[in-house]
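Structure record follows, encoded as structure tokens.
Computed from heavy atoms alone, side chains included, the values below leave out hydrogens, waters and symmetry copies. Atoms within each ligand, like the ligands themselves, are counted from 1 in listed order.
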Amino acid sequence: MSADGKISDRFRTAARFPSVADQAHLERCLATADATLFGAGTLRAYGTTALVKDPALLAKRRQQQLSQPIHIVCSRSGQLDPTARFFSQPVPRWLLTTPTGAKNWYGQNCFERIWPAPTMENSDRFDWLTILSELKTLDIHHLVLMGGGELVAALLAMDVIDELRLTICPLIVGGRQAPTPCDGDGFSLASAPGFILISNQTVGDEVFLHYRRQR
Ligand SMILES: NC(=O)c1ccc[n+]([C@@H]2O[C@H](COP(=O)([O-])OP(=O)(O)OC[C@H]3O[C@@H](n4cnc5c(N)ncnc54)[C@H](OP(=O)(O)O)[C@@H]3O)[C@@H](O)[C@H]2O)c1
């Protein structure tokens with residue numbers, strides 16, 4: 001995020017301001033994951049997803065019989081551009097969506113798994129506790145949530161985020177409309193989830209922060 005806590009600008013363009021060091025940091029995080037989850041807004045902005053490319057990281061995954069982590073797109077509407085470069089990237093792709101959103105994708109080769117999300121009782125809100133426990137039954141224990149702010153807010157509201165990795169980048173975006181690491185309705189100060197700082201590192205003009213949720 002920028003030094004003023006924005007993850008993009010008000011046009012929600014692809015946030016390409018992080019340095020090479022931060023991209024390598026993301027790649028190292030992804031290399032430890034069974035799967036990664038991101039919102040449709042993030043996919044619409046970038047058109048692609050982040051890959052593990054470093055030969056040493058790939059070799060380590062291969063030793064554990066792993067290829068790229070599974071890339072799970074979360075989209076209520078299912079309205080995604082099938083010509084996006086994401087669909088030709090060498091990753092396993094899953095779609096977490098609604099029954100309506102799923103209809104657009106059945107019978108195509110874009111996703112290995114099209115997964116109508118379980119929802120909360122008498123509601124169309126995704127039931128994250130059930131989704132995460134179903135992921136565990138599919139051997140997905142370590143999930144890296146790549147954003148954006150709307151999806152992070154939904155998972156943080158359910159208190160299912162254990163760790164937070166923030167990189168502070170040396171620019172100010174400003175404005176009220178630019179997305180932040182956690183958007184949604186926000187929390188009151190009394191209910192805001194707290195974290196413990198477990199490491200911090202400065203590389204060039206960026207600061208890398210690693211927090212663990214304090215429950
Ligand atoms: N700097 C960074 O590290 C970073 C990282 C990621 C993203 N970004 C930036 O963040 C922006 C995108 O963030 P965003 O907040 O607009 O979008 P987002 O969270 O990536 O995606 C929002 C969309 O995801 C789906 N979604 C989100 N929460 C959901 C829930 N609880 N249940 C069901 N579906 C849900 C919906 O898809 P449908 O619309 O299809 O229904 C929703 O419109 C872009 O500008 C991108 O560049 C920056």
Side-chain angles (χ1 to χ4, degrees), residues 1-30 36-50 71-82 84 86 93-105 110-111 114-120 123-132 134-135 143-161 164-186 206-210:
M1 66 180 195
S2 63
D4 62 329
K6 310 292 190 189
I7 60 167
S8 180
D9 58 21
R10 66 193 163 108
F11 306 108
R12 290 178 189 262
T13 45
R16 302 208 192 270
F17 54 77
S19 69
V20 172
D22 187 48
Q23 288 164 33
H25 178 60
L26 171 62
E27 199 180 327
R28 283 193 299 277
C29 290
L30 277 179
T36 174
L37 174 70
F38 46 94
T42 296
L43 178 57
R44 289 184 194 114
Y46 290 86
T48 57
T49 189
H71 287 242
I72 309 174
V73 186
C74 174
S75 170
R76 216 175 273 113
S77 70
Q79 285 176 12
L80 305 166
D81 176 5
F86 170 65
R93 282 174 287 274
W94 292 8
L95 175 65
L96 179 64
T97 186
T98 54
T100 310
K103 279 187 197 147
N104 301 336
W105 298 96
C110 294
F111 290 102
I114 297 168
W115 183 13
T119 51
M120 312 284 275
S123 156
D124 59 359
R125 287 174 50 212
F126 284 18
D127 178 350
W128 290 105
L129 292 180
T130 305
I131 291 167
L132 294 175
E134 286 185 12
L135 284 176
L143 184 67
V144 168
L145 175 57
M146 286 203 285
E150 183 183 335
L151 185 59
V152 170
L155 275 86
L156 209 45
M158 296 306 298
D159 201 6
V160 293
I161 293 181
L164 192 59
R165 290 173 185 271
L166 280 179
T167 305
I168 317 275
C169 301
L171 77 164
I172 300 279
V173 177
R176 278 183 290 272
Q177 291 163 21
T180 73
C182 177
D183 289 325
D185 295 332
E206 290 175 336
V207 184
F208 295 76
L209 302 171
H210 184 187

Open item on the list: Taking 4.0 Å as the limit for heavy-atom contacts, which would you say applies to Thr13 with ligand 1: side chain only, backbone only, both, or neither?
Closed with: backbone
Task: Contact with ligand 1 for Tyr46, non-hydrogen, under 4.0 angstrom - done: yes
Task: Side-chain donor or acceptor of Arg44 paired with backbone N/O of Arg12 under 3.5 Å - done: no
Open item on the list: Once you measure the plane-to-plane angle for Phe111 and Phe86, does it fall in the parallel (<30°), tilted (30-60°) or perpendicular (>60°) bin?
Closed with: tilted
- [ ] Indicate yes or no: at least one non-hydrogen side-chain atom of Thr98 is less than 4.5 angstrom from one of Asp124.
- [x] no
Open item on the list: So for ligand 1, is Gly148 a polar contact partner (N or O within less than 3.5 Å, distance only)?
Closed with: yes
Task: Thr167 side chain near Met1 side chain, heavy-atom distance below 4.5 Å - done: no
TODO: Mind checking whether Phe38 contacts ligand 1 via backbone (N, CA, C, O), side chain (CB onward), both or neither, at a 4.0 Å heavy-atom cut-off?
DONE: neither
- [ ] Please check atom 3 (O) of ligand 1 for a protein heavy-atom neighbour under 4.0 Å.
- [x] no
Task: atom 20 (O) of ligand 1: nearest protein contact (heavy atom, Å) - done: Thr42 OG1, 2.6 Å
TODO: Just let me know how Ala14 lines up against ligand 1, side chain, backbone, both or neither, with a heavy-atom cut-off below 4.0 Å.
DONE: backbone
Open item on the list: Which residue and atom name correspond to the protein heavy atom nearest atom 16 (O) of ligand 1, and how close is it?
Closed with: Arg12 NH1, 2.6 Å
Open item on the list: Treating Thr42 as the side-chain partner and Gly148 as the backbone partner, does any N or O pair qualify as donor plus acceptor under 3.5 Å?
Closed with: yes
Open item on the list: Side chains of Ser75 and Trp105, heavy atoms from C-beta outward: is any pair under 4.5 Å?
Closed with: no
Task: Short N or O distance, Leu151 and ligand 1, threshold 3.5 Å exclusive - done: yes
Open item on the list: Would Phe126 count as a polar contact of ligand 1, with the cut-off being nitrogen or oxygen pairs under 3.5 Å?
Closed with: no
Open item on the list: Measuring from atom 39 (O) of ligand 1, which candidate in Arg44, Met158, Glu150 has the nearest non-hydrogen atom?
Closed with: Arg44
TODO: Check Val152, Leu43, Thr49 against Met146 for a side chain to side chain contact (heavy atoms under 4.5 Å, CB included) and give me the one that passes.
DONE: Thr49
Open item on the list: Looking only at protein heavy atoms, which one is nearest to atom 30 (C) of ligand 1, and what is the separation?
Closed with: Arg76 NH2, 3.3 Å
Open item on the list: Please tell me whether Thr180 and Asp183 have a donor and an acceptor in their side chains that are separated by less than 3.5 angstrom.
Closed with: yes
TODO: Determine whether any heavy atom of Met146 lies closer than 4.0 Å to an atom of ligand 1.
DONE: yes
Open item on the list: Once you measure the plane-to-plane angle for Trp94 and Trp115, does it fall in the parallel (<30°), tilted (30-60°) or perpendicular (>60°) bin?
Closed with: perpendicular
Task: Under 3.5 Å donor-acceptor, Arg93 side chain and Cys110 backbone - done: yes
Open item on the list: Going by the closest heavy atom to atom 25 (C) of ligand 1, which one wins out of Cys74, Gly184, Gly39, Pro181?
Closed with: Cys74
Task: Smallest separation among heavy atoms of Ala3 and Ile172, with atom names - done: CB-CD1, 4.1 Å
Task: Trp128 contact mode with ligand 1 (heavy-atom cut-off under 4.0 Å) - done: side chain
- [ ] Do me a favour and list the nearest non-hydrogen protein atom to atom 11 (C) of ligand 1 with residue, atom name and distance?
- [x] Pro179 CG, 4.0 Å
- [ ] Please identify which atoms of ligand 1 are closer than 4.0 Å to at least one heavy atom of Ala154.
- [x] 31 (N)
- [ ] Look at atom 1 (N) of ligand 1 and say which protein heavy atom is nearest, naming residue and atom and giving the distance to 0.1 Å.
- [x] Ile7 O, 3.1 Å
- [ ] With atom 37 (O) of ligand 1 as the reference point, say which of Ala40, Cys169, Ala45, Gly41 has the nearest heavy atom.
- [x] Ala40
- [ ] Check for a donor-acceptor pair, side chain of Asp4 on one end and backbone N or O of Gly174 on the other, with a separation under 3.5 Å.
- [x] yes
Open item on the list: Quick check: Asp183 and ligand 1, any N/O pair under 3.5 Å apart?
Closed with: no
Task: Residue that, paired with Ile131, satisfies side chain to side chain contact (heavy atoms under 4.5 Å, CB included) out of Leu96, Leu37, Ile72 - done: Leu96
Open item on the list: Checking contacts here: is it the side chain or the backbone of Ala15 that comes within 4.0 Å of ligand 1, counting heavy atoms only? Could be both or neither.
Closed with: both
Open item on the list: For ligand 1 and Ser77, I'd like to know whether there is a polar contact (N/O to N/O, distance under 3.5 Å).
Closed with: yes
